[in-house]
Amino acid sequence: MSDNAITDTLQPDGFVGIVEDWSADKQAFQVPWGKAMMWIFLLSDTFIFSCFLTSYMNVRMSTTVPWPNPSEVFALTILGNHIPLVLIAIMTFILISSSGTMAMAVNFGYRKNRKATALLMVATALFGASFVGMQAFEWTKLIVEEGVRPWGNPMGAAQFGSCFFMITGFHGLHVSAGVIYLSIITFKVNRGDYDRSNNYEAVEIAGLYWHFVDLVWVFIFAFFYLW
Amino acid sequence: MAYVALADRGQILSHPHSFITKYIWSQDHKVIAIQYGITAISVGVVALVLSAMMRLQLGFPDTFSLIAPDEYYQFVTMHGMIMVIYLLTALFLGGFGNYLIPLMIGARDMVFPYLNMLSYWVYLLSVIILMASFFVVGGPTGAGWTLYPPQAILFGTPGAEWGILLMLISLAVFIVAFTMGGLNYVTTVLQARTRGMTLMRMPLSVWGIFTATVLGLLAFPALLVSAIMMTLDRLLGTSFFMPAIVSMGEQTNYGGGSPVLFQHLFWFFGHPEVYIVALPAFGIVSDLLSTHARKNIFGYRMMVWAIILIGGLSFIVWAHHMYVSGMNPYFGFFFATTTLIIAVPTAIKVYNWVLTLWRGNIHLRVPMLFAIGFIFTFVHGGLTGIFLGNVVVDLPLSDTYFVVAHFHMVMGVSPILVVFGAIYHWYPKITGRMFNETMGKFHFWLTFLGTYSIYLPMHYLGFLGVPRRYYAYEGIEFIPESALQLNSGITIAALFVAVVQILFFVNMIWSLFYGKKAEGNPWGATTLEWQTPQTPPIHGNWGDELPEVHRWAYDYSVPGEAIDFIPQNVPANDNPEAHRT
Ligand code: HEM
Ligand SMILES: [Cu+2]
């Protein structure tokens, strides 16, 4: 290898490219610091959620009392029709849509389209906020109408409520933090900060976080509501 | 959008001017490192005092009645937790990681200095919360550093009122602090190296700290989750970890939870934690040995891969701490096997250290003494680890003093020796002064021999079946009188070692003011931190230009060269013996 190793000119593709990137000097990934750091953070956060979900599965199996039936507990009666899981379906749909608007915002960011980026990010944040709002509604209904408490509930195993509040709560905090984070970045987009630096990578980094929070929700949805 | 690497960019650092921004709210990685170091060592002294109190009780139960049985539990717990987390983890990663990473890879600072600064202040907060538990109603928790439920949160265990909550909160806060720092260290190593600094030219110290940080980022989540769940069990009465249980004669409201789940989560964190402490020590000790033996590290690439392999394997051995909790024999077999497999890369490292010394030009300076001492204590603790890794051997030895001796050797004494060696080694760079060599040598010999006389006899106590975490042993039939006398001896050694540490503190503080002025590179070392234009390095570390790296970190005693080391930033010549990759 030449003494000064690789410069960021042409790089070979595929496996050779990966090896060369890794054995080069200066940096291992051709990405900005913030993005690299966000990826690493999300990896760590993945471990947090994995621990939560495996713990949930573990107590669900260890508890001695039957587990309540989620599609019954999370049913709503709308106009006289009893529909299982309807609220949660809407919430999931909203969150996934927000990932769509976020992806579009990132795309417009790359094209340096300030207006469109800002608008789409506002939409994303609003979707996120409405998700949190519906979650609050869901919690209230469970607590007030169904009598579910973290330490017990009339339907079955006490761990049902414990896991539900803990895991959806922790995820809800992630969404709320995401809404705040998106709002700050939107504000900066709108102020023209990234036009001046000619660099919209902050939008993409926020997008990474947002997609991650979405993805986690899919797992929570599958493991908690569908199992 | 082509992204320009740091080394190819001009970087502007604004230099702080007021005292406050320079030394207190500082974003300079070197100042943050020192803040971490001083805080960690200060709590470490608290933990040391606690252990002295425990030893007084154990050695002379009738002469000194300084502490009550409740307090013994509290002191064991606080001692263990402080030593492992708040001293060693914080010191190796927050202290040495912060100081060494940017200097060794040729960066001006961590990639996000502000986050780095926050990391320290949040760490300080976690320490304050932990210390606060000494002053609340009921005192600190006495659950043992493993915090096993159900007893950890049931009344009857000391500190069940507030102590356990403060412990859990403090841990959570610590994890936040660690994450902020850890993300910085990892990103800096991956993304902010200088020109010519490839991953395979990095000094092993950086490799050790880097891998340990990755382990931390993946292992602390399990501790965070278990801390959250236990807090909920204690505060809201959930039953994640709590089975139906009678406590103090009354049926509690708990039911259906799984105490073993906690053990799994705790040790999924706890075992990698051992390596979070050990890997930086491995890395640093490699550099100390190579520098002071004036010889390249033996098998550099093997050393790197061993670090990575150990790091990876450390995630699949955790249940060797749970043999006595009861498990499917096939699981026991699996975890015993993985545990023994880890011994292979570890042994490779030990061989390589010894082979580095082999026919080297050994200078027995203070850092080198500590590094060689480490090899002894580590081999010793490592060998007893192989005993304990086997299920049938572990069952009778578990929860005896054999275990106490084992883990003190391997993750107490060994890393601490490296900490001392490293502080002596980098002291001239950090302060610009030389320490007193004679005092340092006394410090080494008394500490080294002293700790051996503490822990060697403990193995024997373990074989006798003397249980750990006991307040007193009088009147236990199977424990002979001689064991009690041995205990007194151990206590005398422990107190001696504790007092000897005064030598270290006096040396450090005295030399800070009156030590001989140090040159930039007093040991003739090759790594970049010794090549800074100023000593101690100023904010920004390098002059206008970042250094450029042309060789690996271990060009010592290259045949055909006039001097016995070639710094990493010296341009390549045509000497074929010099190591360029
Ligand atoms: C001179 C130094 C030290 C002395 C005299 C000492 C002494 C002790 C004593 C007396 C115990 C309680 C044993 C029992 O009753 O079960 C203990 C436990 C422990 N020590 Fe140390 N220790 C020292 C240094 C360290 C260091 C450097 C570490 C860092 C890893 C450490 C980690 C622990 C841990 C994890 C426990 C177990 C706590 C528990 O059982 O919950 N100790 N030590
Ligand atoms: Cu282990």
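All values below come from the heavy atoms of this structure, side chains included, with hydrogens, waters and symmetry mates left out. Each chain gets a letter, A, B and so on, in the order the sequences are listed, and its residues count up from 1.
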A.B. asks: Does the ring centre of A:His174 sit less than 6.0 Å away from the ring centre of A:Phe49?
C.D. replies: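 When the ring centroids of A:Phe49 and A:His174 are compared, they turn out to be within the sub-6.0 Å range.
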A.B. asks: Just checking, any donor-acceptor pair under 3.5 angstrom between side chains of B:Asn98 and B:Asn116?
C.D. replies: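 Yes, a side-chain donor-acceptor pair sits under 3.5 Å.
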A.B. asks: Do A:Ser99 and A:Asp214 have side-chain N/O donor and acceptor atoms under 3.5 Å apart?
C.D. replies: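 Per modelled atom types, A:Ser99 and A:Asp214 side chains form a pair under 3.5 Å.
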A.B. asks: At a heavy-atom distance under 4.5 Å, which candidate from A:Tyr56, A:Phe41, A:Trp151 has the highest pair count against chain B?
C.D. replies: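 Of the candidates given, the most pairs with chain B belong to A:Trp151.
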A.B. asks: What residue in A:Ala158, A:Cys163, A:Gly161 has the most heavy-atom pairs under 4.5 Å with chain B?
C.D. replies: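 So the answer, after comparing A:Ala158, A:Cys163, A:Gly161, is A:Cys163.
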A.B. asks: Side chain from CB out, backbone as N, CA, C, O: work out which of these in B:Asn253 comes under 4.5 Å of a heavy atom of chain A, or both, or neither.
C.D. replies: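 No part of B:Asn253 comes within 4.5 Å of chain A.
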A.B. asks: Considering only heavy atoms, which portion of B:Ile228 lies under 4.5 Å from any heavy atom of chain A: side chain, backbone, both, or neither?
C.D. replies: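 When you check distances to chain A, only side chain atoms of B:Ile228 fall under 4.5 Å.
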A.B. asks: Name the member of B:Leu199, B:Val214, B:Asp233, B:Val111 that forms the most heavy-atom pairs with chain A at distances under 4.5 Å.
C.D. replies: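 The candidate making the most pairs under 4.5 Å is B:Val111.
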A.B. asks: Give a yes-or-no answer on whether the side chains of A:Asn153 and A:Arg149 include a donor-acceptor pair shorter than 3.5 Å.
C.D. replies: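 Side chains of A:Asn153 and A:Arg149: no pair found under 3.5 Å.
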A.B. asks: With a 4.5 angstrom heavy-atom cut-off, which part of B:Leu190 approaches chain A: side chain, backbone, both or neither?
C.D. replies: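 Its backbone and side chain both get close to chain A.
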A.B. asks: Which of the residues A:Thr63, A:Asn58, A:Thr64, A:Val59 is involved in the greatest number of heavy-atom pairs with chain B at under 4.5 angstrom?
C.D. replies: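 Heavy-atom pairs under 4.5 Å are most numerous for A:Asn58.
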A.B. asks: Sub-3.5 Å donor-acceptor pair from the side chain of A:Arg114 to the main-chain atoms of A:Asp195, do we have one?
C.D. replies: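 No: the side chain of A:Arg114 does not pair with the backbone of A:Asp195.
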A.B. asks: B:Phe112 versus chain A, heavy atoms under 4.5 Å apart: side chain, backbone, both or neither?
C.D. replies: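 Answer is side chain: those atoms of B:Phe112 sit under 4.5 Å from chain A.
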A.B. asks: Measure B:Leu217 against the heavy atoms of chain A and call it side chain, backbone, both or neither at under 4.5 Å.
C.D. replies: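 It is both, since atoms from each part get that close.
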A.B. asks: Charged N to carboxylate O below 4.0 Å: is that the case for A:Glu204 and A:Lys35?
C.D. replies: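 A:Lys35 and A:Glu204: salt-bridged.
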A.B. asks: Using distance alone, with no hydrogens and no angle criterion, decide if B:Ser247 and B:Thr252 have a side-chain donor and acceptor under 3.5 Å apart.
C.D. replies: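 B:Ser247 vs B:Thr252: no donor-acceptor pair found between side chains.
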A.B. asks: Please determine, by modelled atom types, if B:Glu273 and B:Thr89 share a side-chain donor-acceptor pair under 3.5 angstrom.
C.D. replies: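 Result is yes, a qualifying pair exists.
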A.B. asks: Using non-hydrogen atoms only, which part of B:Ile175 is less than 4.5 Å away from chain A: side chain, backbone, both, or neither?
C.D. replies: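 The answer is neither part of B:Ile175.
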A.B. asks: With a 4.5 angstrom heavy-atom cut-off, is it the side chain or the backbone of B:Phe268 that approaches chain A, or both, or neither?
C.D. replies: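 The answer is the side chain of B:Phe268.
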